[in-house]
Amino acid sequence: MNYSEKVMDHFSNPRNVGEIENADGIGEAGNPKCGDIMKIYLKVRDNVIEDVKFKTFGCASAIASSSMATELIKGKTVEEAWDMTNSAVAEALDGLPPIKMHCSVLAEEAIHMAINDYRVKHGMEAIPMKHYDHDHDHDHCAV
Amino acid sequence: MQNVYLDYAATTPTDPEVLAVMMPYFTELFGNPSSVYSFASKSRKAIDAARNQVAEALNAGPDEIFFTGSGTEADNWALKGTLERLRSKGDHLITTKIEHHGILHTAEYLEKVEGFRVTYLPVDAEGRVRLEDLEAAMTDKTVLVSVMFANNEVGTIQPVGPIGALCRERGVLFHTDAVQAAAQLDIDVKALNIDMLSLSGHKMYGPKGTGVLYLRKGLRLENFIHGGGQEKGRRASTENIAGIVGLGAAFERMKARLPQEKPRLCALRDRLIDGVLSKIPHAKLNGARGDERLPNNTNFSFIGIEGETLLLDLDSKGISASTGSACSSGSLDPSHVLMALGLSHEMAHGSLRMTLGRGTTDEQVDYVLEVLPEIVARRRSMSPLWEDFLKKNGGR
């Protein structure tokens, strides 16, 4: 698998690894069948993502996507974080192999789930989740 | 940083002595063996000598050895050639769920495209085929059983002798894919009632692009490659003389070294297995132990970690390993072998295969045992699966 230097950097030295105690929002995407599970923790203050942490079970691109996604949303408003797409994560990593693009989709989905968790906990309505295309080589992960 | 190659099941380096034997056949002894002039007879003699070397290593006759372009080609020829030839007698093939793709994908082709029936036998938790399952699967339409000699991922050695005896008793042909086993174990095709056997040169310190199909005397298969009259008219293509010479030389050397090398590798293998299991909590060994495991094979699963992560971390420490069959590296699916052994998806995704060879030393095993526990602990600390596992198991 040919990974970019940025993917390898974020895989080898992932940023924002860990958990946040009493997180304002927690989101988890993926399943063990696919070999990828991402869990995102958010700390929000005044509608801004003050801190974000992740834990990921998965391949190098899953770990790098989690790391990059958390970097991209840190310090952003909740709305700006929601608008961050998987393509932005992949581009920031200087690209992912086509077979691994689903890792960036998982990162986007986990962040959306964490934001919705935050919204519901704070009396807001959850934003309708879009259909996340996890369709790749193995059919069992096309959830 | 050390450079430690632990992927000998994927491929081996060509032995320099073997390469030296091969070299003249690239340059000064380039005659086409099919030509009639005396210059070409040197090429013919070289092929005959290699055929004798392979035959001797398998306790076969030289007229039972056919050179192919790879182990996979030999597998394809054995399965397709037998089923096509014996179509009037039966249409049923029995193989296993844990075969190499050289067999599995060929069987799927025969099933889906050619309309043959295929039974894929299950295996037990250590990867062993049960004789009673094989017996129960046999029908009067069964014409071929293909069970690998030893598994390429988990190293489990199959009960080939009893399988061969059962097949012979039932009048069913028995093929075994011995690509992983041929160079590491003593194989006597006659004593084991083997009708067909595939092997590959590059798994035994010979050149890539070389293979053999052993075909018991008197057996006829449909040809797989049509063309000229090479290999007694049964496998067309101008012979890869240097490759064939290299394969023969490599096999002969492997057999000569086996009495010393096998116990050496078994000791290193067991030290690596015991070390990993004792130093890394909740590590699981996949496959059998002791004499039922290939001397050079180790395969582990580590809950909470995905295999590619381990490979890249090990690579950063100079260690080359595998998560299973190298052929499946372009796929995201977990190993079909580990799933057949009953592993969960997450455990199958978290597998690590380290296969030892001629260059493996005690110091290299020590180095792996030093760096692997740190790598596993670090990646587990980032894993939500590991976190869940700890919670379920009281933090242990």
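All figures in this text were calculated on a predicted structure; none of them were measured in a lab. Order of the sequence lines sets the chain letters (A, B, ...), proteins ahead of strands, with each chain counted from 1.
Heavy atoms of B:R379 lying under 4.5 Å from chain A belong exclusively to its side chain.
Of residues 11-23 of chain A, those residues with a non-hydrogen atom less than 4.5 Å from any non-hydrogen atom of chain B are, in numerical order, A:F11, A:S12, A:N13, A:P14, A:V17, A:E19. Residues of residues 71-96 of chain A lying under 4.5 angstrom from chain B, judged on non-hydrogen atoms, do not exist.
Residue B:K317 places its NZ atom among 12 or fewer non-hydrogen atoms of other residues, nucleotides or ligands, all under 6.0 Å distant. More than 12 heavy atoms of other residues, nucleotides or ligands sit less than 6.0 Å from atom NZ of B:K391.
Here B:G304 is the residue among B:S344, B:S316, B:G304 with the most heavy-atom pairs under 4.5 Å with chain A.
With hydrogens and angles disregarded, a donor-acceptor distance shorter than 3.5 Å links the side chain of B:T309 to the backbone of A:G58.
Annotation for B:P384 and A:K55: closest pair CD-C, 3.5 Å, computed over non-hydrogen atoms. Looking at every heavy atom in both residues, A:F57 comes nearest to B:I305 through CE1-C, 3.4 Å. Residues B:E308 and A:C59 approach most closely at OE1-CB, 3.2 Å, considering heavy atoms.
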Could you please spell out the steps behind the side chain to side chain contact (heavy atoms under 4.5 Å, CB included) verdict for A:I37 and B:E346?
-> CA-CA 10 Å; A:I37 299 178; B:E346 52 266 48; over 6 Å; no

